[in-house]
Amino acid sequence: MKEAGSIPTTADVAAQLVRLSPQYAPTPLMASPELARELGVSQVLVKNEGHRLLGSFKSLGGGYAGLRALALAAGKCIEELVAVKPRSQQTLICASDGNHGLAVAMAARLAGAPSRVYLHTAVPRARASRIERQGAHIKWVRGTYDDAVDAAASDARQGGGILVADTTDDPDDATVGDVMAGYGVIAEEIRTQLAGAHRRPTHLFVQAGVGGLAAALAEGLADWLAAPAGLYVVEPDKAPAVAAALKGGRPVRVSGDLQTTAEMLSCGEASAPAIVVLRRHLVTSVLVSEQALDEAATTVRKMCSINTTSSGAAGLAGALAMRPLPPEARVLLVVTERDADDLAQSSHGTALAEPAI
């Protein structure tokens, strides 16, 4: 068992999370001949994060980082923290478009700590209600997701609690690093699941809001992909935060209302730690239209029987936009979230197994 202050490996992170809930077990990796034909390539593999706890990949990042932050503050390992639930813990604070806040609130609830989540006013009330059911207090902020990020950071600076952000302008921010370490579990699972089952992908298309998931997958898979090892980061053209940062060499705030059908990607400023990684791996930026995002979600539902959103299917939108790809290409996609209507009918979205510790 790792000590609270030690640096965990990706395998450590995965093992800790599975001990907390069986719903942290590896999510499915499936081949889709239909998508391969649609893209004109030899293979398409789809990692379905809709089967993850809370219905999205965010439960890996915000869940792990929130628990680790509280464990470090209490001088305990995560397992001890959840078992003991110490009194008088600090409040976990974050900003969110919905899923990160849900994950951080869940982490606080598991540890017996309070949480406060900043949401911008365009976030649907249904998402806020899911967060509140995890015990969090919601603070509404006028403006965009980035305005909520600023408000949460200000709260933490003034002593309101521990900030568990998924984005920062500090390239060395440890908590954002923990969020990305949680996302890295996906890459670890893909490498294990693929062994002997399929040929290694040659192209990875992954969606980005602030860039944390894309960076974690680039870091975990770049040296493993088959040649030419193409790494593509896909964003709505209405919210090109990562594209702007890659072009400028550092995060910059994109102007405008950032309103997009891919609501979970509605971010105006990329995360500095993510941009460092993405630049190191020489990723290619792909911007896609609103129509392309909606059509990709429909295609995933039709060809993969996965109920997802425009955010969840954005990687496919990028792959479709890059056609024609080489016919021998082998494409890897990550469907990042389950559709809210589907979640309402599933324990993946509403229930959490008691920690098996």
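Under the 4.5 Å side-chain heavy-atom criterion for ILVMFWY residues, no single connected hydrophobic cluster contains both V149 and I138. Residues V185 and V18 share a single hydrophobic cluster, defined by chaining ILVMFWY side chains whose heavy atoms lie under 4.5 Å apart. Residues V82 and L60 share a single hydrophobic cluster, defined by chaining ILVMFWY side chains whose heavy atoms lie under 4.5 Å apart. If you chain together hydrophobic residues whose side chains sit under 4.5 Å apart, V242 and V252 never meet in one group.
P26 places a side-chain heavy atom less than 4.5 Å from the side chain of Q193. The shortest side-chain heavy-atom distance between V233 and S285 does not fall under the 4.5 Å cut-off. Looking at heavy atoms from C-beta onward, S129 lies in side-chain contact with E132 at the 4.5 angstrom threshold. You'll find the side chain of M264 reaches within 4.5 Å of the side chain of R127, heavy atoms only. The closest side-chain heavy-atom distance from P201 to L194 is below 4.5 Å. Annotation: side chain of P86 is in contact with side chain of L81 (closest heavy-atom distance under 4.5 Å). Looking at heavy atoms from C-beta onward, P228 lies in side-chain contact with H203 at the 4.5 angstrom threshold. Side chains of L67 and L110 form a contact here, defined as non-hydrogen atoms less than 4.5 Å apart.
With hydrogens and angles left out, the side-chain atoms of T175 and D178 include no donor and acceptor closer than 3.5 Å. A donor-acceptor contact closer than 3.5 angstrom is absent between the side chains of T192 and E188. Counting only N and O atoms by type, the side chains of E49 and T27 include a donor and acceptor under 3.5 Å apart.
Summarising the geometry of T121 relative to G143, their closest heavy-atom pair is OG1-N, 4.1 Å, with the distance given to 0.1 Å. When all heavy atoms are compared, the tightest approach of G62 to V179 is N-CG1, 4.5 Å. A pairwise comparison of heavy atoms in Y24 and L17 identifies CD1-O, 3.1 Å as the closest pair. A pairwise comparison of heavy atoms in L70 and A108 identifies CD1-CA, 4.2 Å as the closest pair. Taking all atoms of both residues into account, the shortest heavy-atom contact from G268 to A241 is C-CB, 3.7 Å. Scanning all heavy atoms of the two residues, the minimum distance from A245 to P251 falls at CB-CA, 3.7 Å.
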Going by atom type alone, with no hydrogens or angles, which donor-acceptor pairs under 3.5 Å involve a side-chain atom of residues 207-216 and a protein atom two or more places apart or on another chain?
| unit_1 | atom_1 | unit_2 | atom_2 | d |
| --- | --- | --- | --- | --- |
| Q207 | NE2 | S311 | O | 3.0 |
| Q207 | NE2 | G312 | O | 2.8 |
| Q207 | NE2 | V334 | O | 3.3 |
| Q207 | NE2 | T336 | OG1 | 3.4 |

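Not one N or O on the side chain of K139 forms a donor-acceptor pair closer than 3.5 Å with the backbone of L119. A distance-only check finds no donor-acceptor pair linking the side chain of R130 to the backbone of L102 [under 3.5 Å]. No side-chain donor-acceptor contact under 3.5 Å links T202 to the backbone of A229. Counting only distance, with no hydrogens or angles, the side chain of Q134 and the backbone of I131 share no donor-acceptor pair below 3.5 Å. With K302 contributing its side chain and T299 its backbone, the two residues share no donor-acceptor pair below 3.5 Å. Under a 3.5 Å cut-off, the side chain of S42 and the backbone N or O of A329 do form a donor-acceptor pair. Remark: the backbone N or O of A226 is not paired with any side-chain donor or acceptor of R199 at under 3.5 angstrom. Between the side chain of S96 and the backbone N or O of G101, at least one donor-acceptor pair lies under 3.5 Å. For R323 (side chain) and E38 (main-chain N/O), a donor-acceptor pair under 3.5 Å exists by modelled atom type.
We find the CG-CG distance between L225 and L231 to be 6.0 Å, quoted to the nearest 0.5 Å. One finds the OG atom of S59 at 11.0 Å from the CG atom of L20 (value rounded to the nearest 0.5 Å). L221 CG to I190 CD1: the interatomic distance, rounded to the nearest 0.5 Å, is 5.5 Å. Separation of atoms CG (L204) and CZ (R330) is listed at 13.5 Å; rounding is to 0.5 Å. Rounding to the nearest 0.5 Å places CZ of R200 at 12.5 Å from CD of Q43. Taking CD1 of I162 as the start and CD1 of I93 as the end, the distance is 8.5 Å to the nearest 0.5 Å.
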Problem set entry | CA sep, side-chain torsions, deciding dist, call: Q23, H51, side chain to side chain contact (heavy atoms under 4.5 Å, CB included) | CA-CA 8 Å; Q23 289 184 36; H51 281 268; over 6 Å; no

Exercise. How far apart are the C-alpha atoms of T261 and D294, what are their side-chain angles, what is the distance that settles it, and do they pass the side chain to side chain donor-acceptor pair (under 3.5 Å) test?
Worked result: CA-CA 7 Å; T261 186; D294 284 338; 2.8 Å; yes

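Through side-chain heavy atoms spaced under 4.5 Å, either directly or across other Ile, Leu, Val, Met, Phe, Trp or Tyr residues, V276 is tied to no other residue. Using a 4.5 Å cut-off between side-chain heavy atoms of Ile, Leu, Val, Met, Phe, Trp and Tyr, M180 falls into a hydrophobic cluster with V176, V277. Think of V234 as one node in a network of Ile, Leu, Val, Met, Phe, Trp and Tyr side chains linked at under 4.5 Å; its network also takes in M30, L35, L39, V41, V44, V46, F205, Y232, V286, V288, L293, V300, M303, I306, L316, L320, M322, L325, V331, L333, V335.
Residues meeting the side-chain hydrogen bond (donor to acceptor under 3.5 Å, both in side chains) test with R253, sequence neighbours left out: D150, E269. Residues satisfying the side-chain hydrogen bond (donor to acceptor under 3.5 Å, both in side chains) criterion with R116, sequence neighbours excluded, are D155. Evaluation of the side-chain hydrogen bond (donor to acceptor under 3.5 Å, both in side chains) rule for Q89 yields no partner, not counting sequence neighbours. In this structure E295 satisfies the salt bridge (Lys or Arg N to Asp or Glu O under 4.0 Å) test with no other residue, sequence neighbours excluded. Residues that satisfy the side-chain hydrogen bond (donor to acceptor under 3.5 Å, both in side chains) test with T144, not counting sequence neighbours, are D147.
Between E189 and K47, at least one side-chain nitrogen of the basic residue sits less than 4.0 Å from a carboxylate oxygen of the acidic one, meeting the salt-bridge criterion. Between E337 and R52, no side-chain nitrogen of the basic residue sits less than 4.0 Å from a carboxylate oxygen of the acidic one, so the salt-bridge criterion is not met. The pair K58-D97 does not count as a salt bridge, with every side-chain nitrogen at least 4.0 angstrom from each carboxylate oxygen.
Applying the ring pair (Phe, Tyr, Trp, His ring centres under 6.0 Å) rule to pairs touching residues 264-305 yields nothing, sequence neighbours excluded. Pairs passing the ring pair (Phe, Tyr, Trp, His ring centres under 6.0 Å) check and including a residue from residues 134-190, sequence neighbours excluded, read F57-Y183. Applying the ring pair (Phe, Tyr, Trp, His ring centres under 6.0 Å) test to residues at least two apart or on different chains, none of the pairs has a partner in residues 91-133.
A 6.0 Å sphere centred on CZ of R301 holds more than 12 heavy atoms belonging to other residues, nucleotides or ligands. By the 6.0 Å contact criterion, CD on E328 is enclosed, its count of non-hydrogen atoms from other residues, nucleotides or ligands being greater than 12.
For the side-chain hydrogen bond (donor to acceptor under 3.5 Å, both in side chains) with T260, the lone residue among E290, K238, E235 that qualifies is E290.
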